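Just so we're on the same page: letters track the sequence lines, and every chain starts at 1. This is a predicted model, so every value here is computed, not measured. Atom set for the values below is all heavy atoms of this structure, side chains included, hydrogens, waters and symmetry mates excluded.
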Amino acid sequence: MSQTGDQFKKIIAHCKEYGYIFQSSEVYDGLAAVYDYGPYGAELKNNIKAYWWKAMVHANENIVGIDSAIFMHPKIWKASGHVDAFNDPLIDNKDSKKRYRADTLIEEYVEKKLTAKIEKEVAKAAKRFGDSFDREQFVSTNPRVVANVEKRKKVMDRFTAAMANNDMAELKQIIIDAEISDPISGTKNWTDVRQFNLMFSTQMSNIAGSEDDSKLYLRPETAQGIFVNFLNVQKTTRQKLPFGIAQIGKAFRNEIVARQFIFRMKEFEQMEMQFFVAPGTEMKWYEHWKAERLKWHHQVTPNEKLRYHDHDNLAHYANAAVDIEFEFPFGFKELEGIHSRTDFDLRSHQELSGRKLQYFDNEKNESYVPYVVETSIGVDRMFLSVISNAFKEEEVPDAKGGTSTRTVLNIHPALAPVKVAVLPLLKKDGLPEASRAIMDELKYDLNCFYEDKDTIGKRYRRQDAVGTPFCITIDHQTLEDDTVTLRDRDSMKQERINKNALLDKVKAATSMINLIKA
RNA sequence: GCGGAAGUAGCUCAGCUGGUAGAGCAUCAGCCUUCCAAGCUGAGGGUCGCGAGUUCGAAUCUCGUCUUCCGCUCCA
């Protein structure tokens with residue numbers, strides 16, 4: 001761990017040093033699990049988003065993009081299940097330092113203690129009475145069983161009431177009254193029950209049709225903005241099934257433990273595509289997108305750093321789910337999820353809103369709620385995968401015939417923040433002027449960087465460190481025959497070409513269109 | 001959220017047992033040279049994370065707080 005931990009620390013330090021990522025609100029000591037993207041970071045992030053958008057929306061005639069609001073009607077989160085499922089009452093045992101969900105603690109107690117006791121008595125009696133055993137009669141008359149059944153009912157009544165009222169104090173009292181102890185430490189030394197709602201909330205007055213007319217959530221996922229716009233989009237774009245809606249946007253989760261740099265943040269950005277299909281065809285499309293998405297990753301990331309990981313237990317909305325995992329410095333972790341979400345979301349919104357969210361299928365001559373296959377990737381995780389895959393420290397020959405270490409970001413040229421650096425060999429003899437002229441030719445098509453400070457070798461290294469794939473060097477010969485040196489970041493090889501050929505050559509080498517067409 | 005560790009210049013750190021801050025690299029200006037970093041001269045830059053306490057005096061001791069890292073926990 002220490003070596004990979006060191007590597008990860010180096011990457012984080014590098015991100016800060018070269019203006020990729022800063023801690024949020026650093027002058028005020030920072031804000032936990034929130035980060036800002038600096039100048040190079042913003043460029044890389046934009047490129048990642050563009051790569052996804054082009055591959056999804058522009059390359060597929062049956063996928064369209066939207067940009068829905070972060071604020072949405074509170075009922076949406078009721079329908080999606082987030083209000084219920086994102087609410088965990090948690091309690092800590094002070095001795096074992098373990099954290100439990102208070103509700104499962106109580107449920108387990110009821111299940112394993114009370115119910116088990118009752119069943120034990122019943123089983124014993126059944127053995128004793130043989131065929132003449134009447135379960136109903138026994139349960140309602142045996143004093144020990146009756147007491148336990150009574151007790152169970154009491155606990156369950158209090159429990160359901162407490163859960164319904166979000167009464168955390170009562171939940172703790174139930175645990176105390178039932179004398180539930182920590183399975184590890186065996187003690188009953190509990191903290192208070194605290195509720196961790198993973199959704200951030202804010203205020204808005206007068207929300208139509210809402211019981212609590214002020215509470216509003218910041219969306220914990222972008223997908224719902226797509227679902228509730230399903231019919232708007234389908235009708236206005238006249239799409240036929242199967243078709244998809246794509247969206248890039250911010251989402252917010254109040255993670256209890258948000259760590260590992262930008263891997264898990266409280267504010268993050270998602271790129272989601274919901275693909276609407278006829279019921280029964282979802283598994284075919286699930287397999288299709290599973291393959292398509294891995295291909296998209298393979299274009300910019302080596303195969304051996306990517307893998308599929310099937311979900312062991314499925315979320316409440318899904319009937320199939322797989323992750324595409326990337327080997328981060330801290331191990332293989334989820335980068336993208338592909339889920340077959342069935343008709344759960346649309347059906348749920350249809351029921352709660354009372355509006356039909358169905359598609360009329362001309363071929364089948366019937367209306368139905370489409371099934372959904374979702375691809376969902378975190379922009380920030382993709383960013384982290386690109387950076388951690390790119391970061392390398394290598395030994396290279398130096399001018400004196402020895403070796404030196406260079407730090408290089410081997411970012412795919414199509415994603416690199418700066419495409420080309422324009423460097424006059426000397427800061428005199430008209431070379432800066434000639435360089436500026438070349439820069440002016442390129443900068444409207446390619447993100448360029450000009451520098452004439454320090455030695456040429458030093459400038460090359462600086463460009464390596466920010467991941468610029470090409471350096472153009474202007475020397476005295478340029479003034480005579482219009483040729484320049486084009487230096488490649490990865491091989492460090494140089495070639496002499498005419499300055500008029502620069503634009504086409506660098507554009508071709510840094511284009512993301514080729515990745516998408518391939 | 002719990003436990004452990006840490007926080008001194010942009011970065012990496014030194015500053016031992018309390019006496020009002022240093023180095024290297026980086027930055028900026030100038031010189032020299034020039035196709036793969038670390039030549040010469042000079043300059044700028046620090047509320048010692050923040051707040052309180054002890055003390056004549058705190059970067060140094062105590063407490064609180066924030067942030068980061070590690071472990072636990074959680075994870076749609």
Quiz item: Taking any strand in view, what nucleotide pairs with B:A6 in a Watson-Crick or G-U wobble way, both distances under 3.5 Å?
Solution: B:U67
Quiz item: Can you find a heavy atom in the side chain of A:Phe22 that is under 4.5 Å from one in the side chain of A:Lys16?
Solution: yes
Quiz item: Considering Watson-Crick and G-U wobble pairs with both distances under 3.5 Å, what does B:C35 pair with?
Solution: none
Practice problem: Any chance you could list the contact pattern along nucleotides 34-46 of chain B? Use B for base contacts, S for sugar-phosphate-only contacts and - for none, protein heavy atoms under 4.0 Å, 5' to 3'. | Solution: BBBBB--------
Exercise. Considering only atom C1', compute the distance from B:G22 to B:A59 and round it to an integer number of Å.
Key: 12 Å
Quiz prompt | Length of the CD-P vector between A:Gln23 and B:G7, whole Å | solution = 17 Å
Quiz item: Among all residues two or more places apart in sequence or in another chain, which pass the ring pair (Phe, Tyr, Trp, His ring centres under 6.0 Å) test with A:Tyr40?
Solution: A:Tyr20
Quiz item: Roughly how many Å is it from CZ in A:Phe263 to P in B:C74, rounded to a whole number?
Solution: 17 Å
Practice problem: Could you check A:Lys458, A:Lys427, A:Arg462, A:Arg459 and say which one makes a salt bridge (Lys or Arg N to Asp or Glu O under 4.0 Å) with A:Glu451? | Solution: A:Arg462
Quiz prompt | Distance in angstrom units between A:Met199 CE and B:C75 C1', rounded | solution = 15 Å
Quiz item: Taking atom types as modelled and ignoring hydrogens, do the side chains of A:Glu282 and A:Ser340 form a donor-acceptor contact shorter than 3.5 angstrom?
Solution: no
Self-check item: Contact nearer the 5' end of RNA chain B, comparing A:Glu17 with A:Tyr35
Solution: A:Glu17
Exercise. Please work out if A:Lys333 contacts a base, only the sugar-phosphate, or nothing of the nucleic acid, heavy-atom cut-off 4.0 Å.
Key: nothing
Quiz prompt | Sequence-distant partners of A:Arg293, salt bridge (Lys or Arg N to Asp or Glu O under 4.0 Å), two or more places apart | solution = A:Glu336
Exercise. Would you confirm whether A:Tyr308, through its side chain, and A:Lys290, through its main-chain N or O, come within 3.5 Å as a donor-acceptor pair?
Key: yes
Practice problem: State the pairing partner of B:C48; accept Watson-Crick or G-U wobble contacts with both distances under 3.5 Å, and report none otherwise. | Solution: none
Practice problem: For B:G53 and B:C13, measure between their P atoms and round to the nearest Å. | Solution: 33 Å
Practice problem: In whole angstrom, give me the gap between the P atoms of B:U12 and B:C69. | Solution: 14 Å
Quiz item: Taking atom C1' in both B:G10 and B:G44, what distance in whole Å separates the two?
Solution: 13 Å
Quiz prompt | Between B:C74 (P) and A:Arg264 (CZ): distance, integer Å | solution = 12 Å
Self-check item: Length of the NZ-P vector between A:Lys9 and B:A6, whole Å
Solution: 13 Å
Quiz item: Does the pair A:Glu441/A:Lys499 count as a salt bridge with the N-to-O cut at 4.0 Å?
Solution: no
Practice problem: Write down the distance separating the C1' atoms in B:A21 and B:A14, rounded off to the nearest Å. | Solution: 11 Å
Quiz item: Which base, if any, makes a Watson-Crick or G-U wobble pair with B:G1, both distances under 3.5 Å?
Solution: B:C72
Quiz item: Does B:G22 have a Watson-Crick or wobble mate here (both distances under 3.5 Å), and if so which one?
Solution: B:C13
Quiz item: Would you call A:Arg496-A:Asp475 a salt bridge at under 4.0 Å N-O?
Solution: yes
Self-check item: d(CG, A:Asp345; C1', B:A76) in whole Å
Solution: 11 Å
Quiz prompt | Same-atom distance (C1') from B:U60 to B:U8, integer angstrom | solution = 11 Å
Quiz item: Does B:U27 have a Watson-Crick or wobble mate here (both distances under 3.5 Å), and if so which one?
Solution: B:A43
Self-check item: Between B:C50 and B:A58 - C1' atom distance, rounded Å
Solution: 15 Å
Quiz item: What is the distance, rounded to the nearest whole Å, between atom NE2 of A:His309 and atom C1' of B:A76?
Solution: 15 Å
Practice problem: Report the distance from atom NZ of A:Lys453 to atom C1' of B:C32, rounded to the nearest whole Å. | Solution: 14 Å
